[in-house]
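To start, the structure under review is shown below, and the notes come after it.
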Amino acid sequence: MAARAWLSQVTSAAQRGRQFFEGTPATDWADITLLCHRLLRERGEASGLVVAGDILGHLAEASPSETEQFLTVLATDFGPDQDATAAAASRWLSSRTPQTFAALTKLVEAPRQELFRRLNMIAGGTSALVELRADLLRILPIRGDLASVDADLYHLFASWFNRGFLRLEEITWQTSADILERLTSYEAVHEMRGWRDLRGRLSADRRIFAFFHPALPREPLIFVEVALTNGLPTSVEPLLSIDRDLLDPARADTAIFFSISNAQVGLRGISFGSFLIKQVMSQLMRELPQIKTYATISPMRHFAASLCATEDPDGFTPDRLQRLLGDDVGPVRHCFETGQPAPDRVDAAMSVLALAYLTKVKSQGSAVDPVAHFHLSNGARIERINLRSDMGKHAAASCGVMVNYLYDVARLEPNHENYVERGQIAVRPTLAPTLRKIDEAW
């Protein structure tokens with residue numbers, strides 16, 4: 001694990017208040033639990049910083065099992081008082097006054113939320129809590145009893161990382177080296193293999209923009225990589241090539257969002273992407289007014305898995321595959337089951353399957369593909385299916401398919417409303433006949 005970047009901030013802030021603190025530093029997890037209770041009782045600002053610093057300092061040195069132990073204590077010892085909450089609910093049901101409602105809401109909130117707020121008051125506290133949630137998310141699949149702790153952290157982060165607090169910055173080769181180094185490790189879509197790759201993505205016809213928060217000034221929260229091109233690309237490889245011919249930005253007519261990466265695991269579920277893309281579009285419109293097309297070249301890395309899940313009644317059942325593909329069902333099935341590239345003669349069939357996957361395979365009314373859901377909920381439309389365009393290490397998972405989503409400024413809001421309210425997916429008008437055939441087969 002990398003050094004805890006926030007630890008020096010926590011230690012420095014705590015040391016300044018040490019003269020006001022009565023007690024000895026924590027030595028074990030029983031002491032930490034007592035310190036958490038003390039922090040909730042503490043009224044002095046300086047002594048409160050010492051207590052918070054001791055808690056976070058101990059947590060910084062904790063092993064994974066000790067961190068899990070601390071999270072368990074948060075779940076069991078710092079949740080709402082069930083009996084008191086039930087009694088307050090009964091009083092409110094008997095007499096629905098503002099006073100009884102206020103008393104009920106106060107008891108419903110878990111004490112750990114106030115504990116998190118007080119830990120957040122110390123310099124470096126926000127970073128520590130984001131890292132704590134990252135640790136929690138890693139074990140949550142096998143520790144469902146910790147879901148209430150995650151819900152409380154999520155609730156607080158949704159407020160603390162509100163769009164109004166975020167700052168958009170363009171990343172350039174002149175950006176601090178520590179931030180540039182973080183970008184190479186945080187890239188989650190198209191791997192950066194060192195500084196040469198990064199240099200290529202910061203060249204004249206490329207842009208990277210990131211959101212930062214005042215409490216984490218040197219930690220990008222999310223960043224988007226943009227390629228300036230002429231026309232829509234059919235593959236991502238030319239965009240990533242470090243040996244490509246550079247395009248004069250003044251001659252570009254298209255901006256392609258080819259990678260969006262959430263940089264902080266602990267902020268998973270906190271939505272930044274929609275705001276980021278739209279703000280970047282606004283900035284590029286001012287800088288390069290000749291650019292008229294804003295779009296993506298996006299992966300479909302759950303496509304093959306969805307095609308193989310033929311027992312899913314909401315997905316590609318054998319009957320649906322047969323109706324969609326007819327005589328091509330055999331060779332196409334062989335491709336997605338073996339991970340081999342599809343032959344040219346089934347291109348039309350693969351395009352139909354890809355469009356069916358994006359528009360028909362849903363979960364609770366939304367596209368099951370996470371990338372599709374992200375862009376469609378932002379108001380983009382499906383513009384074009386690109387075969388044999390994702391041919392790297394993810395080719396088998398995507399069947400080699402990528403998709404262009406188009407961000408038409410005039411249609412973003414209507415498309416967004418139609419998608420989130422009615423589940424209607426916007427597609428390019430020329431795809432409508434294919435979509436009707438898919439509807440009939442489905």
Do the side chains of [Y] and [X] get nearer than 4.5 Å, heavy atoms only?
| X | Y | result |
| --- | --- | --- |
| Leu321 | Leu353 | yes |
| Leu40 | Glu114 | yes |
| Arg268 | Phe157 | no |
| Arg323 | Trp442 | no |
| Ile139 | Leu71 | yes |

Side chain [X], main chain [Y], donor-acceptor under 3.5 Å:
| X | Y | result |
| --- | --- | --- |
| Ser306 | His302 | no |
| Arg388 | Gly400 | no |
| Ser176 | Asp178 | no |
| Ser398 | His394 | yes |
| Glu237 | Ser389 | no |
| Asp135 | Glu68 | no |
| Arg411 | Arg381 | no |
| Arg182 | Arg218 | yes |
| Ser261 | Ala263 | no |
| Glu413 | Gly379 | no |

Which heavy atom in [X] sits nearest to a heavy atom in [Y], and how many Å separate them?
| X | Y | result |
| --- | --- | --- |
| Val352 | Ile438 | O-CD1, 3.6 Å |
| Leu412 | Ala380 | CD2-N, 4.2 Å |
| Val265 | Leu137 | O-CD1, 3.3 Å |
| Leu228 | Pro249 | CD1-CB, 3.8 Å |
| Asp54 | Ile32 | O-CD1, 4.2 Å |
| Pro233 | Asn404 | O-ND2, 3.3 Å |

Applying the side chain to side chain contact (heavy atoms under 4.5 Å, CB included) test to Val226, which of Ile256, Leu284, Ile208 qualifies? Leu284

With rounding to the nearest 0.5 angstrom, report the CD to CD1 distance, Glu187 to Ile260. 10.5 Å

Nearest-0.5 Å distance, OG of residue Ser271 to CZ of residue Phe374: 7.0 Å

Please enumerate all residues that pass ring-ring contact (aromatic ring centres under 6.0 Å, His included) together with His373, with sequence neighbours excluded. Tyr419

Residue pairs passing the ring-ring contact (aromatic ring centres under 6.0 Å, His included) test where at least one lies in residues 196-241, sequence neighbours excluded: Phe161-His213

Surrounding [atom1] of [X] (heavy atoms of other residues, nucleotides or ligands, distance under 6.0 Å), is the total greater than 12?
| X | atom1 | answer |
| --- | --- | --- |
| Glu311 | CD | no |
| Arg251 | CZ | no |
| Met121 | CE | no |
| Glu109 | CD | yes |

Are Lys437 and Glu440 close enough for a salt bridge, meaning some N to O gap below 4.0 Å? no

Among residues at least two apart in sequence or on other chains, which ones pass side chain to side chain donor-acceptor pair (under 3.5 Å) with Asn378? Ser274, Tyr407

Residues in side chain to side chain donor-acceptor pair (under 3.5 Å) with Arg133, at least two apart? Asp150

Determine, step by step, whether Val332 and Met350 satisfy the side chain to side chain contact (heavy atoms under 4.5 Å, CB included) criterion, reporting the C-alpha distance in whole Å, the side-chain angles of both residues, the deciding distance to 0.1 Å, and the verdict. CA-CA 7 Å; Val332 169; Met350 290 301 297; 3.7 Å; yes

Are a donor atom and an acceptor atom from the side chains of Arg112 and Ser148 found within less than 3.5 Å of each other? yes

Are Arg143 and Thr72 close enough, and set up right, to give a side-chain hydrogen bond (donor to acceptor under 3.5 Å, both in side chains), and what steps lead you there? CA-CA 9 Å; Arg143 287 295 309 273; Thr72 302; 3.1 Å; yes

Could you go through Asp243 and Arg196, starting from their C-alpha distance and side-chain angles, then the distance that decides it, and tell me whether this counts as salt bridge (Lys or Arg N to Asp or Glu O under 4.0 Å)? CA-CA 11 Å; Asp243 298 319; Arg196 191 161 179 251; 3.4 Å; yes

Taking side-chain hydrogen bond (donor to acceptor under 3.5 Å, both in side chains) as the cut-off, I'd like each qualifying pair that reaches into residues 349-361, sequence neighbours left out, listed once. Tyr357-Asp369, Lys360-Asp439

So side-chain hydrogen bond (donor to acceptor under 3.5 Å, both in side chains) across residues 197-212, not counting sequence neighbours, yields Arg201-Glu225, Ser203-Asp205, Ser203-Arg244, Asp205-Arg244, Arg207-Glu287

Start with the C-alpha gap between Ile382 and Leu355, add the side-chain angles, then the distance that decides, and say whether side chain to side chain contact (heavy atoms under 4.5 Å, CB included) holds. CA-CA 9 Å; Ile382 298 170; Leu355 188 58; 4.2 Å; yes

